Amino acid sequence: MPYRTHTCGELGSRHEGASVILSGWVHKQRNLGGLIFVDLRDRYGLTQIVFNPDVTDNYAVAESLKYEYVIKVEGLVGLRNESAINTELATGEIEIIAKSVEILSTAKPLPFEIFDAHKEEEDEDLRLKYRFLELRRERLKNNILFRAKMIQYIRQYMEERNFVDISTPILTVSSPEGARDFLVPSRIHPGKFYALPQAPQQYKQLLMVAGFDRYYQIAPCMRDEDPRADRSPGEFYQLDVETSFLEPDEFFHLMEPLFIELTEQVAGKKVMTKPFPRLPYRYVMDTYGVDRPDLRYDVKITDITDWAKTTDFKIFQEATALRVIVVPGGAEFTRQEIDHEFTLLAQKNQAKGLAWLKYSNAFEGTIAKFFKPEALSALQEKLSIEPNSILFFVADEPFVASKALGAVRILAAEKLHLADPNLIAWAWIVDFPMYEFNDVEQKIDFGHNPFSMPQGGLVALNEKNPLDILAYQYDIIANGLELSSGAVRNKDPKIMYRAFEIAGYTRDDVQKKFGHMIDAFEYGAPPHCGFAPGIDRLLMLLLGEKNIRSVIPFPKNQRAEEPMMGSPSVVDARQLKDLHIDILE
RNA sequence: GGACCGGUAGUUCAACUGGUUAGAGCACUGCCCUGUCACGGCAGAAGUUGCGGGUUCGAGCCCCGUCCGGUCCGCCA
């Protein structure tokens, strides 16, 4: 006898009278005394079972059922009476009139209920410890199913475009740049360590040298860094992509439809702007104060330093720069919110203060009296302010003003719900600076990826101020999330040596750390570029989840532990001895 | 490494300005109920208020320390 002839999600009125067998979990039960209803659940759905002492051979077993028992039910598909139809349920037109029931597995009382529609979330550590139970819940289950569907869609997209799926090593070598490595001790080589890959960056470039031309991989990446709400602790997956013989423009054209299709067809949401805008890094930093702005709402930072000079308000007049954002609908913010939330936030971002004016029919606010009517009407003309708006001003260094207003912009949008949850505003951020100044160490560092090609090549490196050199480096962003950075790679040994030299590395350093890469580039390296969007972040974006752990089947907690399996764990002395490791203390 | 918020029954939350025996929903146990679908009704069990110390006539509440969790900063080429 089979365990089931159908799943719990597929039976309907067309099956009336059929003899069926279903297996699944007892999701809900309603014992009316002499008649028992059970909602039987599997991953496909819910089906109502009716146990009736006149029909069910072993009714006593039905009476003993508890939540989350696994049972097998044999019975007939019956049409429900008109009044008993449940329109909320896919199988709500029918029910199974049970002839017999068998308990396949019992269940202890649960640490939390699976049916959670009306409850708040339990402590996350508890949910992680019983993740196998939380995965039975509708929302998490659907997220994991969506994850599989999205990955399948991506693979199909890539395969159709001649990309080759290639696995790169998990046990690899420690890289001196970037994040902290997870290390794996070697038994055969005392005192030596493998490192888990932070990303298959170097391998994918070597694959381009090998001639594979279009590579992709759903690649596991491991980094020993502290987590965030949008950053998975320890490990995460990237859609790792690299292509040869494509200009950045061609690369964007090749990949952009994937994100449009994922948005529209897989997630059922709307794309804000097609084709995706390409915004230079300097522009977005000035205009939005961050390098991954949420573009769903049209609130921009405007520089009004020229206007400030014409006023009599000293703080504005004497400022290096004055910048402003106009938030439509912001006139409703209270003094409490302005003083204790917005101002504090601006100060946390290094601004000395935050000035504000409300505008309805006229300008209002504590600083309004400092301005002549002509100055205010000039401001209105410049900014075309709609009634019921609030203006936030920061007078400071230009960069500080934009950064502080960028944070204020995000908070204001959250409070006013300016961002449409069904809209995804994709954009490419381009022209990242090749280098940036490290204030702490007082030296020039690579801005992002040291393997990026500088714009202008060797000439730019030799002749321009390093801080003015741009890289062929781009990010893809959406709704305030950075999905990926990417770049045209530097494949010219001469340019590499020079690029590293500017960041303070000697020829010897480069030879030691990246000698194998340079060596490879000396045997025929095609021009190549790529990127690596985070799978988990992509899911957060498409599902509208705020926490990255709700799109990962078995995530780690903030201390990088997995409470269910108990990792990381102590190991046997014997294992340590094999690995030539002594634990200090 | 740092900042902020939190920790009360299995679980989600209450408990007034420090005041008698720490309450409620769901879950759990027992009984009743033949058309429920968040079934209903009656009864019951369930607590070292994270832990340690202090202030007080009296602490879930105030203070100090500590542990744990979440969010953020640092960090994440």
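Computed from a prediction, not measured in an experiment: that's the story for all the values here. These values consider heavy atoms only, across backbone and side chains, with no hydrogens, waters or symmetry-generated copies. Residue numbers start from 1 in every chain, and the chains themselves are labelled A, B, ... in the order their sequence lines are given, proteins ahead of strands.
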Protein-nucleotide distance (A:Asp536, atom CG; B:C76, atom C1'), rounded to Å: 15 Å

Gap in Å between the two C1' atoms, one belonging to B:C64 and one to B:U56, rounded: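 Each nucleotide's C1' atom is 16 Å from the other's.
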
Nearest-angstrom distance, C1' atom, B:A15 to B:G47: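 These two C1' atoms come out 14 Å apart once rounded.
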
Strand contacts (RNA chain B) in residues 29-40 of chain A, 4.0 angstrom heavy-atom criterion: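 RNA chain B contact set from residues 29-40 of chain A: A:Arg30, A:Asn31, A:Leu32, A:Gly33, A:Gly34, A:Leu35, A:Phe37.
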
Residues in contact with RNA chain B, drawn from residues 73-81 of chain A - heavy-atom cutoff 4.0 Å: A:Arg80

Partners meeting side-chain hydrogen bond (donor to acceptor under 3.5 Å, both in side chains) with A:Asp125 (sequence neighbours left out):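 For A:Asp125, the residues satisfying side-chain hydrogen bond (donor to acceptor under 3.5 Å, both in side chains) (neighbours in sequence not counted) are A:Asn557.
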
Contacts of type side-chain hydrogen bond (donor to acceptor under 3.5 Å, both in side chains), residue A:Glu225, not counting sequence neighbours: none

Under the rule for ring pair (Phe, Tyr, Trp, His ring centres under 6.0 Å), what residues qualify as partners of [X], not counting sequence neighbours?
X        : result
A:Phe342 : A:Phe333, A:Phe392
A:Phe236 : none
A:Phe521 : none

Any side-chain N or O of [X] under 4.0 Å from OP1/OP2 of [N]?
X        : N     : answer
A:Asn547 : B:U71 : yes
A:Arg549 : B:U71 : yes
A:Arg180 : B:C76 : no
A:Lys28  : B:C39 : yes

Pairs involving residues 494-507 of chain A, ordered by first then second residue, that meet salt bridge (charged side-chain N to carboxylate O under 4.0 Å, His left out) (sequence neighbours left out):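 Every salt bridge (charged side-chain N to carboxylate O under 4.0 Å, His left out) pair that includes a residue of residues 494-507 of chain A, provided the two are not neighbours, is A:Arg498-A:Glu501.
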
Pair listing, salt bridge (charged side-chain N to carboxylate O under 4.0 Å, His left out) test, anchored in residues 74-101 of chain A, at least two apart: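 For residues 74-101 of chain A: A:Asp57-A:Lys99.
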
Distance-only donor-acceptor test (3.5 Å): side chain A:Arg231, base B:C76: yes

Donor-acceptor pair under 3.5 Å, A:Asp123 side chain vs B:G70 base: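 Counting by modelled atom types and ignoring angles, no donor-acceptor contact under 3.5 Å is found here.
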
Of the listed nucleotides B:U12, B:G10, B:U36, the one nearest the side chain of A:Glu95: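 That would be B:U36.
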
